[in-house]
Amino acid sequence: MEVSHDQKRQKTFKDGSVKTQIRVTEGYRPFPNSSPKQRTIKSFGYLEDQEDQDAFWKEVHACNDSLKKKRDLRIEIPVSEMMYTKNNRLLNYGYKFLESVYQLLDITTFIKQYQESSGFRGRYSLDQIFSYLVINRILYPSSKREAASRLLSYYRMENDFELPQVYRALDQFDGFFYELQQYIHEKVESIVGRKLEYSFYDVTNYYTEKDFADLDETYRDRHGNLVTGPALAQKGVSKEHQLTPIIQMGLFIDGNGIPVCMDIFRGNMSDSDTLKENLDGFKKEYGVARTVVVADKGMNCSHNIDLLCSQGDGYVFSQVLKGTKGKRYQKDLFDPEGWAENKEGSYKWKLIIEDYKGHDISFEIGENGERIEKKKAVKRQRKILLYWSKADAEMAAKKREEKLRRAEKSTKNNAYGISHGKDRYVKEETVMKETGEVLDKEQVEKVTIVDKEKAEKDAKYDGYFAIITSEMDYDAEKIRKVYHGLWKIEESFRIIKGDFDARPIYLNTRPHIRAHFLICFTALVIIRMIQHFMGDKKLSAERLADALREANCLIEKGGYVRLLDVGGKIKYQEVPDKKTGEMVPTLNLVMKIRSL
């Protein structure tokens, strides 16, 4: 295949001007004996737009000359390898990039040590199965059965196991559920360092394919004690509005967005209780002297705040402004005094200091070895950041208008059997059948109407938010900045649920479920490590997996390996708008041009 000379194309614009487009192209044949075609290797823009055309042409010719240089591709195949195959096979080699990070974390050493210390007698490698399931979870997320069917899909990956051994290995993975997380943490700390000044924590849940909640079961807790209690799959409030039993996952990440640890809880446990269960192990097992836990309003309860303050830690939590919990801030919220705002008037804020009653929490060990919680009343202070955003206010108004529109339709003809949020603004009234007069007596019927009064009350809070913190030296800017880092953990949940396809959960036993999430956790660490190494040029987990899935090779007769072209999604770059000069994403620019 030979690189062609610089291609010149002239383009006439609507104003009559003519410009010359400069590209470097490549000639190729899509398949043997086909007609030759051309494709653009690099576009340099228009010649007339260049200030220094001599320098411009040097850059073009340098690119062209570099592409003309022929490079030899040498593939070495050991003599012991089979040199002939019955069929041509397409294999993935992109997994090697994921495998290199797996090896960097040295998980193989940990699992081998576990096999020796636990007395494992299986005739298969736990590390081989674990590494395969982690890599397959990133590239081809699927059930364990389907994963086992892809064993021969990777170039020179040694997989000497079968599906029954995969299921048996899951029981073993549960045996090092906490220990492997701690081991990975230590490796990450030694490779890239940990930023645990702030610990971002959140909880999400994953739905199962079960119809009913599981019965009680006997298992070993985090401290190795044998206990009997509710199974993991329980009916609860699903974040995806599923009616099947769910399983809760609590996750800590550091300031780099790299996971630190996680734990699995029963589906009917409240979000705030998971922090209490997770925090003690997080601090002791990971050697965290002091941290500021950053979380959303689901973690904001008096017990969690008392627990953090009692052990010398801090918190940055979001705070509701409506209802009973937010009532005490409404006077300051609607008081026009004390607000500061930016020049554009699109953002304003107010800082207040609040004295509140709390408790110092301590623990004693009872006669039967149980932990007994002790409380002592104390007085504490905290800062509250109240702020308003014009963009958020406009978005809230649009969402409410949509709910009102749906509510209006539902009251007329019951158009929406599914609420879609419309029930927030629908209420029942008792009216006289004949006249429609509102009454509370007999000979009446109930009708649904749009609750416009409630909508008007909600409108007062459009764009307003509150964040509370124990850190009295933080100013408004730092409080916002610290809390904003919480998006990284929300993105991590999206990766596990979407890119890793971690739900629905088809597994039944507690060890298998925990092993499943340990695999997802390790896969997430690997993706986050790759993104960290890429720095400002990092790709999303989806685009990384897409690119690695496209890295395939063809094993041909004779043992020759042919690498196929690696495709990928186009990166949307910012370019100047020709009319306004404003930097806009390329996608927006294309849409503007098409609309003219």
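No hydrogens, no waters, no symmetry mates; every other heavy atom, side chains included, goes into these values.
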Would you sort out whether K398 and E401 count as a salt bridge (charged side-chain N to carboxylate O under 4.0 Å, His left out), showing the intermediate values? CA-CA 5 Å; K398 287 181 179 179; E401 289 170 6; over 6 Å; no
Go through F252 and V288 one step at a time and tell me if the side chain to side chain contact (heavy atoms under 4.5 Å, CB included) criterion holds. CA-CA 12 Å; F252 274 106; V288 180; over 6 Å; no
Carefully, step by step, assess L548 and F97 under the rule side chain to side chain contact (heavy atoms under 4.5 Å, CB included). CA-CA 8 Å; L548 296 178; F97 295 93; 3.6 Å; yes
Step by step, work out the side chain to side chain contact (heavy atoms under 4.5 Å, CB included) result for M249 and F493. CA-CA 10 Å; M249 174 202 225; F493 285 147; 4.0 Å; yes
Kindly determine whether N205 and E240 satisfy side chain to side chain donor-acceptor pair (under 3.5 Å), including the steps that lead there. CA-CA 8 Å; N205 48 55; E240 296 171 271; over 6 Å; no
Can you check salt bridge (charged side-chain N to carboxylate O under 4.0 Å, His left out) on R406 and E402, steps first, answer last? CA-CA 6 Å; R406 293 180 180 275; E402 174 66 13; 2.9 Å; yes
Give the intermediate values and the outcome of side chain to side chain contact (heavy atoms under 4.5 Å, CB included) for residues L321 and Y329. CA-CA 7 Å; L321 288 171; Y329 302 121; 4.1 Å; yes
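Put simply, the side chain of Q181 never gets that close to the backbone of V260: no donor and acceptor are under 3.5 Å apart. R290 contributes a side-chain N or O that, together with a main-chain N or O of G312, makes up a donor-acceptor pair within less than 3.5 Å. Side-chain atoms of K283 come within 3.5 Å of backbone atoms of A289 as a donor-acceptor pair (strictly under, hydrogens ignored). A donor-acceptor pair is defined here as one N or O able to donate and one able to accept, closer than 3.5 Å; no such pair exists between the side chain of T469 and the backbone of K383. Without hydrogens or angle criteria, R480 side chain to D475 main chain gives no donor-acceptor distance under 3.5 Å. Not a single donor-acceptor pair under 3.5 Å links the side chain of R503 to the backbone N or O of Y207. Distance alone, capped at 3.5 Å, places no donor-acceptor pair between the Q381 side chain and the Y356 backbone. At distances below 3.5 Å, at least one donor-acceptor pair connects side-chain atoms of T208 with backbone N or O atoms of P245. In this structure, R549 contributes its side chain and G94 its backbone to no donor-acceptor pair below 3.5 Å.
Looking at D473 and K478, no side-chain N of the basic residue comes within less than 4.0 Å of a carboxylate O on the acidic one, giving no salt bridge. In this structure, D306 does not pair ionically with K375, as no charged nitrogen and carboxylate oxygen lie closer than 4.0 Å. Ion pair E408/R405 not flagged as a salt bridge, since none of the NZ, NE, NH1 or NH2 atoms sits closer than 4.0 Å to an Asp/Glu carboxylate oxygen.
Taking CG of D49 as the start and CZ of F56 as the end, the distance is 9.0 Å to the nearest 0.5 Å. Between D313 atom CG and L279 atom CG the span is 6.0 Å, to the nearest 0.5 Å. Taking CG from N304 and OH from Y201, the interatomic distance works out to 9.0 Å, rounded to the nearest 0.5 Å. Put simply, OG on S492 and NZ on K497 are 12.5 Å apart, with the number rounded to the nearest 0.5 Å. Summarising the geometry, atom CG belonging to L524 is positioned 9.0 Å from atom CD1 belonging to I138; distances are rounded to the nearest 0.5 Å. Between the CG atom of L333 and the NZ atom of K350 there is a distance of 7.5 Å, given to the nearest 0.5 Å.
Annotation: salt bridge (charged side-chain N to carboxylate O under 4.0 Å, His left out) contacts of K488 (sequence neighbours excluded): none. Residues meeting the side-chain hydrogen bond (donor to acceptor under 3.5 Å, both in side chains) test with N300, sequence neighbours left out: Q319.
If you look at Y206 and F517, their ring centroids are closer than 6.0 Å.
Relative orientation of the Y198 and Y474 rings is perpendicular, given thresholds of 30° and 60° on the angle between their planes. Relative orientation of the F334 and Y461 rings is perpendicular, given thresholds of 30° and 60° on the angle between their planes.
Pairing each heavy atom of R137 with each of P141, the nearest pair is O-CB, 3.4 Å. Counting all heavy atoms, side chain and backbone alike, I352 lies closest to D332 at CD1-OD2, 3.7 Å. The shortest heavy-atom contact between A459 and R400 is CB-NH2, 3.4 Å. The minimum heavy-atom distance between R528 and G257, with the atom names listed, is NE-O, 3.3 Å. Taking each heavy atom of S310 and R380 in turn, the nearest pair found is OG-NH2, 3.8 Å. The two residues Y286 and G281 make their nearest non-hydrogen contact at CD1-O, 4.0 Å.
Checked by atom type, the side-chain pair E146/Y140 shows no donor-acceptor distance below 3.5 Å.
Counting only heavy atoms from C-beta outward, the side chains of E197 and V292 never approach each other to under 4.5 Å. Contact annotation: the side chain of I246 never approaches that of K239 to less than 4.5 Å [non-hydrogen atoms, C-beta and beyond]. With contacts defined as side-chain heavy-atom distances shorter than 4.5 Å, the pair L251/D202 does not qualify. The shortest side-chain heavy-atom distance between R328 and E354 falls under the 4.5 Å cut-off. Residues L308 and F317 have side chains in contact (heavy-atom distance under 4.5 Å, counting atoms from C-beta outward). A 4.5 Å side-chain heavy-atom check between R194 and I258 finds at least one atom pair inside the cut-off. The side-chain heavy atoms of D271 and M299, taken from C-beta on, include a pair separated by under 4.5 Å. A 4.5 Å side-chain heavy-atom check between S318 and F465 finds every atom pair outside the cut-off.
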Going by atom type alone, with no hydrogens or angles, which donor-acceptor pairs under 3.5 Å involve a side-chain atom of residues 336-343 and a protein atom two or more places apart or on another chain?
residue	atom	partner	partner atom	Å
W339	NE1	D335	O	2.8
N342	OD1	G345	N	2.8
N342	OD1	S346	N	3.0
N342	OD1	Y347	N	3.3
N342	ND2	E344	OE1	3.4
N342	ND2	S346	OG	3.0

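Within a 6.0 Å sphere centred on CE of M534, other residues, nucleotides and ligands contribute more than 12 heavy atoms.
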